[in-house]
Amino acid sequence: MMRTKRTGFALPAALLALVIVAALVTGGFLAASHEDQASLSTRFADQAFLVAERGMQDVLGVKTRQFFDDSIGAIGDNVVLGPDTTAIGQLLARYTVTVKRLDTRIYFMTSEGEVLSGGRYAGAKRKLGQVIRTSYFEFPMDHALKSRTTIEFKGSSSLSGIDSVPAGWTDCADLGSKTGAIAADTATVSFTGSAHEEGTPPDTSVPSAEMTDSSFFNWGDLTYDNLAAVADKVLTAGGTYSSIGPVSSGGVCQTSYIENWGAPEDPSDPCAFYYPIIYAPGDVHLSGGLGGQGILLVDGNLSISGGFQFAGVVIVKGALIASGSGNKIAGSVDVYGASDSVSVIGEASKGTGKSRLKFSSCAVQRAALYNQKLARAYPLKERSFIDLSGIGAQDN
């Protein structure tokens with residue numbers, strides 16, 4: 001009997017199965033590899049985004065209005081900062097920030113972050129943009145003293161609207177002669193004994209309707225409450241402070257001391273350019289010491305005596321009462337005449353003995369310029385942020 005030839009299919013089937021399995025494994029490996037690469041790409045892109053944000057925050061947290069004014073000239077000009085290398089945990093990266101002036105106080109800031117870590121995956125970049133503006137504190141420089149109610153100077157006290165420069169200060173302009181006293185009615189302004197006033201004019205009246213809360217407590221972008229909220233020094237209501245003066249150690253101004261309000265009398269002191277915001281949430285008595293500078297806010301009555309000296313802006317919601325000899329205020333003083341903590345005061349400003357209140361435009365300007373909290377740049381409140389990489393933009 002003759003046998004017929006039979007063809008087997010087991011081997012081809014096994015080979016086909018192996019091919020299919022190999023394809024599945026290869027496909028799975030490729031898919032996993034692509035997923036891993038996509039994951040790494042996303043992670044490094046996110047890290048670059050974080051670094052770009054870090055660059056922006058470093059500018060907003062460190063640079064002051066003086067930097068923007070000095071470094072960026074006309075509208076359309078810009079300044080480039082960096083590249084600066086930074087480490088965030090184990091991440092090594094760098095950022096480059098460009099700031100362009102769009103208007104007097106408005107800027108467009110871009111920040112490009114680049115990841116340096118990651119071996120062959122290094123080099124991820126993200127670029128962000130943000131519209132920012134510098135804060136604006138504009139205290140009117142047209143008077144030595146403004147008050148809603150009675151202004152009374154006695155003894156040998158004096159009030160001067162002639163622009164003055166504190167001793168040793170060299171970076172000051174002279175605005176000439178301004179008004180000595182602004183009052184709702186000049187009939188409420190009196191100088192008795194040897195007390196005298198000067199200015200152009202020595203005193204003037206403003207209609208009561210213009211003596212509004214806004215005119216006393218709003219200056220540009222900032223209000224009295226804004227300043228009180230960020231005060232560098234908060235005094236005790238009803239307290240007395242008699243040792244006000246600069247404190248330094250090893251050539252460094254020790255700003256943590258409650259009675260260190262800068263050094264207006266010594267330009268070489270480490271605290272010479274320390275201009276704090278000082279806030280008293282009630283009545284306060286200031287006496288003697290070497291003096292201070294900055295912005296002084298008082299919710300209640302401010303009493304000064306014993307040769308107290310101050311340079312800058314003084315805002316008093318209650319009354320200002322000076323007694324004794326040697327008290328000096330250089331700058332500008334606004335006395336509202338009432339506060340939440342006291343009833344309406346009949347005498348808004350009363351000077352006895354030999355106290356001097358002098359207008360100083362330089363003291364007012366320095367108080368705003370050299371306080372870091374007043375000179376910061378801030379993002380616009382709405383729609384200030386944009387992911388430039390996300391929209392494919394590379395230039396400012």
Among the clusters formed by ILVMFWY side chains lying less than 4.5 Å apart, do I315 and M211 turn up in the same one? yes
Side chains of K146 and D334: closer than 4.5 Å at any heavy-atom pair? yes
Applying ring-ring contact (aromatic ring centres under 6.0 Å, His included) as the test, list every pair that has at least one member in residues 179-204; sequence neighbours left out. F153-F191
Judged by atom type as modelled, is there a donor-acceptor pair below 3.5 Å linking the side chain of D163 to the main-chain atoms of S361? yes
For Y224 and W219, take the angle between the two ring planes, folded into 0 to 90°, and tell me which bin it lands in: parallel under 30, tilted 30 to 60, perpendicular over 60. tilted
Give a yes or no on whether the backbone of G238 and the side-chain of D283 come within a donor-acceptor separation of less than 3.5 Å. no
Hydrophobic clustering (ILVMFWY, side-chain heavy atoms < 4.5 Å, transitive) - are V230 and F139 grouped together? yes
If we ignore hydrogens and angles and just use 3.5 Å, is the side chain of T179 paired with the main-chain N or O of I182 as donor and acceptor? no
Verify side chain to side chain contact (heavy atoms under 4.5 Å, CB included) between E114 and L116, making sure each step is shown before the conclusion. CA-CA 6 Å; E114 180 182 1; L116 302 179; 4.3 Å; yes
Minimum heavy-atom distance S355-S323, with the two atoms named: OG-N, 4.5 Å
Checking the side chain of Y336 only, and the main-chain atoms of A319 only, is there a donor and an acceptor separated by less than 3.5 Å? no
Short N-O contact, R126 and D387, less than 4.0 angstrom: yes
Evaluate the side-chain proximity of V333 to L357: yes if any heavy-atom separation is below 4.5 Å, no if none is. yes
Counting N and O atoms only, with roles assigned by atom type, does the side chain of R105 sit under 3.5 Å from a partner on the main chain of T134, one being a donor and the other an acceptor? yes
The reported gap from CG in L222 to CD in E138 (rounded to nearest 0.5 angstrom) is 11.0 Å
With sequence neighbours left out, which residue pairs that include part of residues 245-265 fulfil the side chain to side chain donor-acceptor pair (under 3.5 Å) condition? none
May I ask you to decide if G239's main-chain N or O and T236's side chain share a donor-acceptor pair within less than 3.5 Å? no
Note, I278 side chain near L297 side chain (heavy atom, < 4.5 Å): no
Salt bridge check: are D221 and R133 linked by an N-O gap of less than 4.0 Å? yes
Shortest non-hydrogen contact from P264 to Q293? CA-OE1, 3.2 Å
Within the structure provided, determine whether T188 and T149 are in side-chain contact (heavy-atom separation under 4.5 Å). no
Kindly say whether R94 contributes a backbone atom to a donor-acceptor pair with the side chain of T85 at under 3.5 angstrom? no
Side chain to side chain donor-acceptor pair (under 3.5 Å) involving R65 - partner list, sequence neighbours excluded: none
For a side chain to side chain contact (heavy atoms under 4.5 Å, CB included) check, start with the C-alpha distance between L374 and I295, then their side-chain angles and the critical distance, and finish with the verdict. CA-CA 11 Å; L374 301 185; I295 299 175; 3.5 Å; yes
Less than 4.5 Å apart, any side-chain heavy atom of K373 and any of L227? no
How would you list, by chain and number, every residue that makes a side chain to side chain donor-acceptor pair (under 3.5 Å) with S177, sequence neighbours excluded? T200
Close side-chain approach of L235 and Y279, heavy atoms under 4.5 Å: no
If I take atom CG from residue L102 and atom CE from residue M109, how far apart are they, to the nearest 0.5 angstrom? 11.5 Å
Using a 4.5 Å cut-off on heavy atoms from C-beta on, say whether the side chain of L302 contacts that of V314. yes
Supply the atom-to-atom distance K354 NZ to N327 CG, rounded to the nearest 0.5 angstrom. 12.0 Å
What's the spacing between N301 CG and K317 NZ if we round to 0.5 Å? 13.0 Å
OG/S190 to CD/E152 distance, rounded to the nearest 0.5 angstrom? 4.5 Å
Shortest non-hydrogen pair, D142 vs K178, comes out as O-CB, 3.6 Å
Give me each pair satisfying disulfide (SG to SG under 2.5 Å) with a member in residues 256-312, each pair once, sequence neighbours excluded. C253-C271
Quick one: do F137 and M141 end up in the same hydrophobic cluster if we chain Ile, Leu, Val, Met, Phe, Trp and Tyr together by side-chain heavy atoms under 4.5 Å apart? yes
Can you sort out the partners of D84 under side chain to side chain contact (heavy atoms under 4.5 Å, CB included), two or more places apart, ordered by chain and number? Y95
Is there any ring-ring contact (aromatic ring centres under 6.0 Å, His included) pair reaching into residues 281-332, and which pairs are they, with sequence neighbours excluded? none
Where is the tightest heavy-atom contact between S287 and G306, given as atom of each residue plus distance? OG-CA, 4.0 Å
Evaluation steps, side chain to side chain contact (heavy atoms under 4.5 Å, CB included), between K127 and T110: CA-CA 7 Å; K127 191 172 186 179; T110 63; 4.1 Å; yes
For the pair N226 and T223, evaluate side-chain hydrogen bond (donor to acceptor under 3.5 Å, both in side chains) and give the outcome as yes or no after the intermediate values. CA-CA 5 Å; N226 292 151; T223 67; 3.1 Å; yes
List in chain and number order the residues that pass side chain to side chain donor-acceptor pair (under 3.5 Å) with K233, two or more places apart in sequence or in another chain; answer none if no residue qualifies. Y274
Who pairs with T64 by side chain to side chain contact (heavy atoms under 4.5 Å, CB included), at least two apart in sequence or on another chain? Q66, Q372, A375, R376
ILVMFWY cluster, F359 and V165 together (side-chain gap under 4.5 Å): no
Approximate separation, where rounding is to 0.5 Å, of L175 CG and S164 OG: 10.5 Å
Indicate yes or no for a side-chain donor-acceptor contact from R101 to the backbone of I72 under 3.5 Å, with no hydrogens or angles considered. yes
Using only atom types and a distance under 3.5 Å, with no angle test, would you say the side chain of S111 pairs donor to acceptor with the backbone of V97? no
May I ask you to test the T98-V79 pair for a side-chain heavy-atom distance under 4.5 Å? no
Any idea which heavy atoms bring R366 and T170 closest together, and the distance? NH2-N, 4.4 Å
Do F108 and I75 sit in one hydrophobic cluster, given that two such residues count as connected whenever their side-chain heavy atoms are within less than 4.5 Å of each other, even indirectly? no
For D269, all residues meeting side chain to side chain donor-acceptor pair (under 3.5 Å), sequence neighbours excluded: none
T96 side chain to E112 side chain, donor-acceptor N/O pair below 3.5 angstrom: no
Is the side chain of N371 donor-acceptor paired with the backbone N or O of Y275 at a distance under 3.5 Å, no angle test? yes
Among pairs that include at least one residue of residues 66-90, which meet ring-ring contact (aromatic ring centres under 6.0 Å, His included), considering only residues two or more places apart or in two chains? F68-Y107
What pairs with F49 under ring pair (Phe, Tyr, Trp, His ring centres under 6.0 Å), at least two apart in sequence or on another chain? none
Taking all non-hydrogen atoms of both residues, which atom of S360 and which atom of P166 are closest, and how far apart? OG-CD, 3.6 Å
